[in-house]
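Index from 1, following the sequence.
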Amino acid sequence: VSKFLSDKSVSMQLQEKLDTYYVFIDEERLGIEESTFLINNLPSNLRDDMMLHITSDLVLNCEFMQDCESGFIRSVMLNLEQRFYSKGQLLLDTKTPANGMFFVKSGIVELYSHEGKLSSRLGMNGSFAEDALINHWDANPFTAKCTAACEVWFFSRPTFNKLVNEWPAVRDKLGKLVDKASQSNRRASVSMSPEELAPILMAVQAKHAKVFHPDGKWLLIWRVFVM
């Protein structure tokens, strides 16, 4: 990899980011990059089942999504994009406006006001920048920085716009939540309680997909296969 990057005259800054990524995959994911594995090794039906398993907690813990139709929620789970960020890296800066929202799978993300004041610290299943799904930002209302190596799943505005064509009522519901969230400084979701989460999870599982339990037989077999 180092030889390839050197031959391509890749900047040292980008090389360091790539090195951090490979270290993260090696140490935290046992050398397996989930998205690539799913695409290259599983048929579409099993790939969807695994995506639902990997992303369900992220979406179902997001207050912003809790009143949406289960079909829309399922589609969100299947259309998230996996990203990795190294410690100290900015997810949102003051220059490039976000064009979607972020879900934190692992690591810690801190949100700062333009004055540099810490407004929120988000860990596993945290989410932020929901407003960027509904509105085009001319500038980010805050910055977001990783304080540890992070795995983040991204939901882009173009994908959101495509999905709401199938569920038009979703945009109105989420727009009202954006108005409510805009009254806070961080515009980020808080975790739902287990009692609030349970009926939503049951609705998604029953109506649209089989979301595997992490200790279920199929996943145990899959883990053995991966190992």
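R157 contributes a side-chain N or O that, together with a main-chain N or O of A132, makes up a donor-acceptor pair within less than 3.5 Å. With hydrogens and angles ignored, the 3.5 Å screen pairs no side-chain donor or acceptor of T159 with any backbone N or O of F155. Distance alone, capped at 3.5 Å, places no donor-acceptor pair between the T96 side chain and the L92 backbone. The backbone N or O of L52 sits nowhere less than 3.5 Å from a side-chain atom of R74 that would complete a donor-acceptor pair. When atom types are taken as modelled, the side chain of N140 and the backbone of D93 share a donor-acceptor pair closer than 3.5 angstrom. A donor-acceptor contact shorter than 3.5 Å is absent between the side chain of S127 and the backbone of F103.
A distance of 10.5 Å separates OG in S119 from NE2 in H114, rounded to the nearest 0.5 Å. Taken to the nearest 0.5 Å, the NZ atom of K87 stands 11.5 Å off from the SG atom of C146. The SG atom of C150 sits 6.5 Å away from atom CG of L91, with the distance rounded to the nearest 0.5 Å. Rounded to the nearest 0.5 angstrom, Q66 CD and E63 CD are separated by 5.0 Å. The distance from atom CG of L78 to atom CD1 of I54, rounded to the nearest 0.5 Å, is 11.0 Å. Between L174 atom CG and E130 atom CD the span is 9.5 Å, to the nearest 0.5 Å.
N61 and D57 are not linked by any side-chain donor-acceptor pair at a separation below 3.5 angstrom, with hydrogens and angles left out of the test.
Listed here is the closest heavy atom pair of C68 and V170: SG-CG1, 4.0 Å. The nearest pair of heavy atoms linking A129 to F142 is N-CZ, 4.1 Å.
F84 and I108 are members of different hydrophobic clusters when ILVMFWY side chains are connected at heavy-atom separations under 4.5 Å. Under the 4.5 Å side-chain contact rule for hydrophobic residues, V152 and W137 share a cluster. L90 and L122 fall into different hydrophobic clusters, where Ile, Leu, Val, Met, Phe, Trp and Tyr are joined by side-chain heavy atoms under 4.5 Å apart, directly or via other members. Following chains of ILVMFWY side-chain contacts shorter than 4.5 Å, one cannot reach Y85 starting from L118, and the two form parts of different hydrophobic clusters. With hydrophobic clusters built from ILVMFWY side chains whose heavy atoms lie under 4.5 angstrom apart, Y112 does not share a cluster with M101.
Looking at L163 and F72, their side chains come closer than 4.5 Å, going by heavy atoms from C-beta outward. Taking 4.5 Å as the limit, every side-chain heavy atom of W153 sits out of range of all side-chain heavy atoms of V104. M124 is not listed as a side-chain neighbour of L58, based on a closest heavy-atom distance of 4.5 Å or more. For the pair T147/V109, no side-chain contact is recorded, criterion being any heavy-atom separation below 4.5 Å from C-beta on. N99 is listed as a side-chain neighbour of P158, based on a closest heavy-atom distance under 4.5 Å.
Look at E110 and K145 and you find no salt bridge, because none of the NZ, NE, NH1 or NH2 atoms lies under 4.0 Å from a carboxylate O.
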Verdict with supporting geometry, T143 and L111, side-chain contact (heavy atoms from CB on, under 4.5 Å): CA-CA 6 Å; T143 59; L111 308 184; over 6 Å; no

